[in-house]
Amino acid sequence: MPRRRAGPVRITHSGPVSNMPSPRLNDKRWSIDLEKRIQEEHYADEEVYSKRYGFNPDSGKEIFVIDTPPPYPSGTWHIGAVAQYSMIDVIARSQRLLGKEVKFPWGVDRNGINVEFTVEKNTKRKMKTYDRAEFLKLCEETIEEFTQSMRNTARRVGLSMDFANEYLTDAPNYRMVTQTIFTELFKRGAIVEDLRPNIYDPVEGTTIADAEVERLQRRTKLVDVKWRTEDGEELIISTTRPELICACGIVVVHPDDERYQHLIGKKAMLPIPVEGREISVEIATHPSVKSEFGSGILMVCSFGDQNDVAVFRELGLTPFQAIDLDGCMTDIAGPFASMKVSEARKAVIEYLESEDKIYQIVEKEQEVPVSERGKNPVEIILLKEWYVRQTHMQDRISELSDEIEFHPPRNKQFLLDWMENISIDWPISRRRWYHTEIPIWYADNGSKIICAPSGMYVQPWCQSPPDNSEVLDRETREVLGTYSELKKDLNDIVGEEKVFDTWMDSSNSNLFVSGYLNDMDTFEKAFPTAIRPQGKEIVRTWLYYTLLKSALLLDKPGFKHVWIDGLGMDPWGRKMSKSLGNGIDADSVLECGAGGRTGSWRVKGPDKSVQLKANKIGSECFRLWKACDAQVGDDFQINPEEIEAKYFGVLTKLFNVARFASQFENPEHLDTVPADLSVEDRWILAEFASTMEKVEKGWAELDIYTATQALKTFGTGVLPSHWLEMSKSRLYDDDINAAWTIHRIVRDLMAALSPVCPFFTHHISNTLYGESAVDVREFPVRTPNDDELRALTNAIEEFNGATWRTKKESGLSLNAPISGIEIPDELSEFKSILTQMHKLE
RNA sequence: GGGCCCGUGGUCUAGCGGUUAUGACACCUCGCUUACACCGAGUUGAUCGUGGGUUCGAUUCCCACCGGGCCCA
């Protein structure tokens, strides 16, 4: 089955080509090279660019601030994310088209552990072996390199962001906002310090939050250990963590488990030696025990896992600290103290074997909680950390989020589900470096806290407190005075060394881009931020934490709209990942077709690898695909072959319609509808009016799919297939009304489509009309509608179709004269034009 | 193990209680026609995952199951 012609047959027309007017669109067709040329021009002149896409809070227009997700720079940008950003750009451009004053900021999220890892990897040296200032400098240089490639890709996909006012989350003006909000919330008691069990990554030496834990399948040993009760009865207890026996606080069985009723209340002797604690524990009942698992007897260790923590809390047991901050066993482990956790596990197993205290060891697949960033098994450790109180806020956040419009509405569920699961406060302090510093100092043996003043970025690990800092009592948070007043009496001033979780920064992005602290006049007008566009995978972090912050700080919903898109998946609907080998690089798709180079991708499928090939895609086709192919909100499959096959032809079609139009002179007054339009012109203008009504509504409701579909259907359907076929000869005969109609439609169509295909429409409208579609700041005025004419559309299409079919069946070419065809009565107004069009005799 | 989402011609997709079930791509047939062969016209092709229920009526609502995905334990 040949899919393509082996070689295109070149057609030479014998008609009178020489006296044809020449099209003002020089290029014969839309191409990726043309696209790139236009794009480069577009971004080259910064002054023109800023005038076009900059933000002027005093324009008097309705302000529409987009809380763009600041991407985290890390080498390559995921194609699914790039597709999402292109749709955010469609929102920005369509809101401008509707006359809003749009702020579409370009921010880069640069804080965090990723860049620290990169520097460690590049220099083969652990962070904590560096001087802190030296390490921060290396991080900054490294992140800047990655940032540059993202800036390029952002332009290549056509984002109309305010690049001149780029914000960086690691810059002083951004970190200042994070620090000031922290101080405010601390003074109000919304942020507290406490000694609590925390999830801890011993390899990286830092606390992490619930949201940062993921699970990996690993093979582990399930060890059945022989314990004895105080009166000598043998018990088998299964565990994957024998090294934690030293931290065992209680042994439990299910209350209904008849096998073990006689044990309840007795003592179980720990099977390994311990130091500094009693050598036996009580046997009790707990409903969380699964009787069918192992022997049905469970040892509960302080901080073995989250369930253990819950049992300890419930039964009021005092926890033991078995693991220290370096991931080593503490003194209570007796002979195993100071060993790394994994060494201790081996040593304990050896000891138990030598003592004949092992019943059996089974290798087992188990899910191990690891840190998302470092993939290290995490431990639960009791630590003094900073927390944002959140458990008491769930009802209020829920109420506030009812004021937010979600797109699509069903994706709100991701937020509600996550909020259901929240049971502990949010630990925000981290023992890392390339993050925003916690802006406090301790004094007088830690009994007083010095808080940095509002509006200032500070680095307490290397700076003294500024004079206008405030001094507070650490317990009561009572303000005692300013630092300058009190400093002569303060002793042992120590700067906090810990930093914030990066979500503590990211969760003020809406406040920051709306002007909070930096431009409070604008903020008053712009908050709640118009829209938060984001992927569904970060609802539980970015969206949730942002709503929490806005609720705590201002008791307001953070946004008017939240727009949640799905994830970009591979052609089989699976998540793209390095390990599956099914990733598709964004730049390769955007560059596909440039300089005549084809794109090819080897992608691993579920059964075998496939080779995907495409000749031309580029940003306009890519954007059109994402806008047109499916409703926003569900996961979407990315297949370059399909993108090209389904959507490049749409561009070609529209380009040719415009190119055809460009042979005919522009009528002078495109805004004034001529009084003597013929019926077919009034008909197509009515169709166009109805299309534009759908489009305007679509843009207003952030319904990209409906708006783009309407444009595509009209622009590649009824306009060229029916009206243009009807009107060709009138156009060649210099009919001024036909020319007015085609130009009015092309001009307005370009404006309406400009949010999706900015460079394509910019080029066409600039060439034909001397003004760019991307500069239109008011949705085009509707052409006259006429329901009666529009009601004839089906009849027209059917009549044309039937006539073409008849010609085909009679073996006639489509432009051959034909006799014996009757025009139906309802189309009597169209009689002469249809007769002419089909050469009816 | 729990939660959520999805399952529509070969492929992708629209649909939100009544439609001859939308559109695109692919397939097939025909066509060199003064925008476009990277084209045009025309066909073929779907018991809307399966089984129950609610309803006068279900692709649409409910339940169960099967399959896929995501998130969480």
Side-chain angles (χ1 to χ4, degrees), chain A residues 1-5 7-21 23 25 28-31 210-211 213-215 290 305-307 367 369 408-418 420-421 535-540 566-567 569-575 593 606 615-616 625 628-631 633-639 641-664 705-706 709-710 712-713 716-717 720-721 724-725 728-729 731-732 742 800-816 839:
Chain A
M1 302 299 109
R3 292 172 57 235
R4 295 202 170 89
R5 278 163 196 276
V9 183
R10 258 343 308 172
I11 296 119
T12 44
H13 298 298
S14 50
V17 174
S18 54
N19 62 2
M20 264 179 67
L25 279 172
K28 287 210 75 167
R29 54 181 64 101
W30 181 249
S31 68
D210 238 7
V213 177
E214 65 172 46
R215 293 183 172 256
K290 293 190 198 115
D305 60 30
Q306 295 283 16
N307 186 52
E367 282 189 329
R410 65 171 182 279
N411 279 5
K412 184 181 185 182
Q413 200 58 43
F414 292 115
L415 176 71
L416 300 178
D417 287 349
W418 176 244
E420 281 287 302
N421 280 330
K536 67 177 192 186
E537 77 281 11
I538 48 175
V539 167
R540 67 196 169 113
L567 269 60
M569 311 297 258
D570 80 358
W572 299 269
R574 304 168 308 163
K575 200 173 177 174
N615 293 315
K616 54 212 170 314
W625 156 75
C628 242
D629 205 55
Q631 287 279 13
D634 288 327
D635 296 342
F636 51 97
Q637 288 165 237
I638 303 176
N639 182 342
E641 280 185 359
E642 222 164 72
I643 297 175
E644 178 188 31
K646 292 170 77 165
Y647 295 100
F648 203 84
V650 176
L651 291 176
T652 304
K653 188 74 182 174
L654 294 174
F655 189 81
N656 275 311
V657 170
R659 188 161 181 270
F660 176 67
S662 79
Q663 330 172 48
F664 308 109
Y705 176 85
T706 304
Q709 279 287 336
K712 189 187 98 176
T713 303
T716 63
S721 302
L724 209 57
E725 291 299 333
K728 264 183 197 170
S729 50
L731 285 162
Y732 287 125
I742 184 73
N800 288 338
T803 307
W804 286 323
R805 200 179 313 134
T806 307
K807 285 188 175 185
K808 196 188 115 178
E809 281 162 4
S810 321
L812 295 167
S813 76
L814 292 179
N815 68 342
K839 298 193 177 141

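So you know, we letter chains A, B, ... as the sequences are listed, proteins then strands, and number each from 1. Just so it is clear, the model here is predicted, and its values are computed rather than measured.
Considering only the side chain of A:Gln413, B:C4 comes nearest among B:C4, B:G23, B:C36. Here B:C70 is the nucleotide among B:C4, B:C70, B:C38 with the atom lying nearest to any side-chain atom of A:Met569. Checking B:C71, B:C36, B:G69 against every side-chain atom of A:Arg540, the shortest atom distance belongs to B:C71. For A:Lys653, whose side chain is taken as the heavy atoms from C-beta onward, the closest listed nucleotide among B:G40, B:G23, B:C4 is B:G40.
In this structure, the side chain of A:Gln637 engages the main chain of A:Pro571 through a donor-acceptor pair within 3.5 Å.
Between A:Arg410 and A:Asp634 a salt bridge is recorded (basic side-chain N to carboxylate O distance below 4.0 Å).
For the atom pair A:Leu651 CG and A:Lys712 NZ, the distance stands at 11.0 Å (nearest 0.5 Å).
Nucleotide B:C27 has no partner under the Watson-Crick or G-U criteria, as no pair reaches both atom distances under 3.5 Å. Of all nucleotides present, only B:C72 satisfies the Watson-Crick or G-U wobble test against B:G1, with each distance under 3.5 Å. Pairing partner, B:A64: B:U50, with both Watson-Crick or wobble hydrogen-bond distances short of 3.5 Å.
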Pull out every protein N or O sitting under 3.5 Å from an N or O of nucleotides 42-46 of chain B, one pair per line with the distance.
{"residue": "B:G42", "atom": "O3'", "partner": "A:Arg805", "partner atom": "NE", "Å": "3.4"}

What's touching nucleotides 12-17 of chain B from the protein side, N or O pairs under 3.5 Å?
{"residue": "B:C12", "atom": "O2'", "partner": "A:Asp629", "partner atom": "OD2", "Å": "2.9"}
{"residue": "B:C12", "atom": "O2", "partner": "A:Lys646", "partner atom": "NZ", "Å": "2.8"}
{"residue": "B:A14", "atom": "OP1", "partner": "A:Gln631", "partner atom": "N", "Å": "3.4"}
{"residue": "B:A14", "atom": "O4'", "partner": "A:Tyr705", "partner atom": "OH", "Å": "3.4"}
{"residue": "B:G15", "atom": "OP1", "partner": "A:Gln631", "partner atom": "NE2", "Å": "3.0"}

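Nucleic acid contact for A:Lys575: sugar-phosphate only, since backbone atoms but no base atoms lie under 4.0 Å from a heavy atom of the residue. Among the protein residues, A:Thr706 comes within range of no part of the nucleic acid, since none of its heavy atoms lies under 4.0 Å from any strand. Residue A:Leu724 is in base contact, counting any heavy-atom pair closer than 4.0 Å across all strands shown.
Judged by a 6.0 Å distance limit and a 45° cone about the ring axis, A:Lys536 is not positioned over the six-membered ring of A:Phe414.
As rounded to the nearest Å, B:C28 and B:G10 have C1' atoms that lie 13 Å from one another.
Every side chain to side chain contact (heavy atoms under 4.5 Å, CB included) that A:Tyr705 has, sequence neighbours left out, goes to A:Gln631, A:Asp703, A:Gln709.
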